[in-house]
Number of protein chains: 2
Amino acid sequence: MAPRLTTSSYAILALLAIQPWTAYELTQQATRSLRFAWPKSERLLYSEPKKLVDHGLATTHDKPIGKRTRAVYTITGEGRAALQAWMTTSPEPPALEAEALLRLLFAENGSTDDLISALDTMARDAAEMYEQVATINSGYLDGRHPFPERTHLSALFATFQLELFDLMMKWVEYAKAEIATWPDTEGLGMTDRTEAILNSIKERQSVLGPHETP
Amino acid sequence: MAPRLTTSSYAILALLAIQPWTAYELTQQATRSLRFAWPKSERLLYSEPKKLVDHGLATTHDKPIGKRTRAVYTITGEGRAALQAWMTTSPEPPALEAEALLRLLFAENGSTDDLISALDTMARDAAEMYEQVATINSGYLDGRHPFPERTHLSALFATFQLELFDLMMKWVEYAKAEIATWPDTEGLGMTDRTEAILNSIKERQSVLGPHETP
DNA sequence: TGACTCTACTGCAAAGTGCAGTATAAGGTG
DNA sequence: CACCTTATACTGCACTTTGCAGTAGAGTCA
């Protein structure tokens, strides 16, 4: 029996709905475009198209490249139907995995310098991801989108990614300013500032304050 | 040979650094406090403390509860040393998994209603998580923190969580307003609004505009 | 033309998840 | 107070996913 279809299977199926690809092209495309919405290992991405074939949602034909032959995957009618059906189902809640935040929660076991460098790493990662997304999307203005008819989707998605990375960078700045007032990482408990933070939470006010739009 | 220590192992080890717990208490505590920084299955959380014992980072002693006996895990000196060493290492980049964003990227395979309801689900999930975090943290003002000396860490972490959930809700509103101008999900490409979005990305301006702080 | 390096994968062990199953404990009912 | 139900506290197992090492052809250059 073929392994069951997962969300990752539908992600690959949706790529096949755009055009036929080889397994390698699929992994490249998935890594580039899905990295920030559905991050999966290259290894998995290679296996998924085979599973789609087992389920009859895609077919392969061999295309000769040089001396060897490469499998090109094409979506079937059944595949398109399965994809449309999936689009009507309800998505799982978003989940964030952030090791730097773990370091904050357990900061008492290290120095303030350890904590600050963990947060700096997170901010640098966010800045790098911001640059990548901003650069690629700016290119779309010069017609560099591989599928121009899909630009409206990519651009709207990009707004989320950039707001998220921006939030991470701004929050790290805020957190570092707060931590700078700590004599140490442990045993502070309810400081005046902590009380102020908790009050702003109770009043549902943003601690980062208003965005400036430059 | 004992399986190697993962980031999840250190997360559990850090909980043991607070106080000794039974495996069940550890899973409860980890699910509650780590859910939004390091989301892991209950099943894994049950296995980790055993691994810590295999590595000599924790010990167990049996505590009789009713007619049965329950293992209480305690961190060792080696465990504290390992934890401190881990605190100095560099955290992995943050990763967000959001199925609703997948639906946006591949929205062409469904109706605008499908897309909007996927985004609504995401906003509802974010609102729910916001409520949970806000409620728990407001309680800390009335001395409801189980480890009062750790309040400064929980509160700072909470600011990130709330800003994140707030961003998700605000962005969904923005995205829905944009999608409302689409006649359909597919083939729109570079609309005037898409061009405006891409220009604001190029200029590095927030599309959500300034936060209001109520 | 052999020696590298890059592209394009596959196999495998180990990490992590989901779910069904189980045994004790606790709480209510006639 | 025996009986039934529900909640607590797990474990086993099959399956999913990851990381990494290995490999075979393709391009590149002295």
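In what follows, chains carry the letters A, B, and so on, assigned in the order in which the sequence lines appear, proteins first and then strands, with residues in each chain numbered from 1.
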Would you be so kind as to tabulate the donor-acceptor pairs closer than 3.5 Å made by side chains of residues 83-91 of chain B, with sequence neighbours excluded?
from: B/T88; atom 1: OG1; to: B/A85; atom 2: O; distance (Å): 2.7
from: B/T89; atom 1: OG1; to: A/R103; atom 2: NH2; distance (Å): 3.3
from: B/T89; atom 1: OG1; to: B/W86; atom 2: O; distance (Å): 2.6

Specify the separation, in whole Å, of atom CG of A/L45 and atom P of D/dT18.
9 Å

With sequence neighbours excluded, tell me which residues meet ring-ring contact (aromatic ring centres under 6.0 Å, His included) with B/W182.
A/H152

For B/D54, salt bridge (Lys or Arg N to Asp or Glu O under 4.0 Å) partners two or more places apart:
none

Restricting to side chain to side chain contact (heavy atoms under 4.5 Å, CB included), what partner residues turn up for A/K63, sequence neighbours left out?
A/I65, A/V72

With A/E149 via salt bridge (Lys or Arg N to Asp or Glu O under 4.0 Å) - residues at least two apart
none

Contact residues, residues 88-103 of chain A to DNA chain C [heavy atom, < 4.0 Å]:
none

Give me the distances for all protein-to-nucleotides 23-27 of chain C N/O pairs that come in under 3.5 Å?
from: C/dT24; atom 1: O4'; to: B/R68; atom 2: NH2; distance (Å): 3.2
from: C/dA25; atom 1: OP1; to: B/K67; atom 2: N; distance (Å): 2.3
from: C/dA25; atom 1: OP1; to: B/R68; atom 2: N; distance (Å): 3.1

With sequence neighbours left out, what residues match B/D120 under salt bridge (Lys or Arg N to Asp or Glu O under 4.0 Å)?
B/K176

D/dT8 P sits how many Å from B/Q29 CD, rounded?
16 Å

Applying side chain to side chain contact (heavy atoms under 4.5 Å, CB included), name anything that partners A/S154, two or more places apart in sequence or on another chain.
A/Y140, A/H145

Could you walk me through whether B/T135 and B/S138 pass side-chain hydrogen bond (donor to acceptor under 3.5 Å, both in side chains), step by step?
CA-CA 5 Å; B/T135 305; B/S138 300; over 6 Å; no

Side chain to side chain contact (heavy atoms under 4.5 Å, CB included) partners for A/V133, two or more places apart
A/F36, A/N137, A/A158, A/Q161, A/L162, A/F165

Under the salt bridge (Lys or Arg N to Asp or Glu O under 4.0 Å) test, residues paired with A/E128 that sit two or more places apart
none

To the nearest Å, how far apart are A/Q28 CD and C/dT7 C1'?
9 Å

Report, one pair per line, the protein and nucleotides 16-20 of chain C atoms (nitrogen or oxygen only) whose separation is under 3.5 Å.
from: C/dT17; atom 1: OP2; to: B/S41; atom 2: N; distance (Å): 3.0
from: C/dT17; atom 1: OP2; to: B/S41; atom 2: OG; distance (Å): 2.9

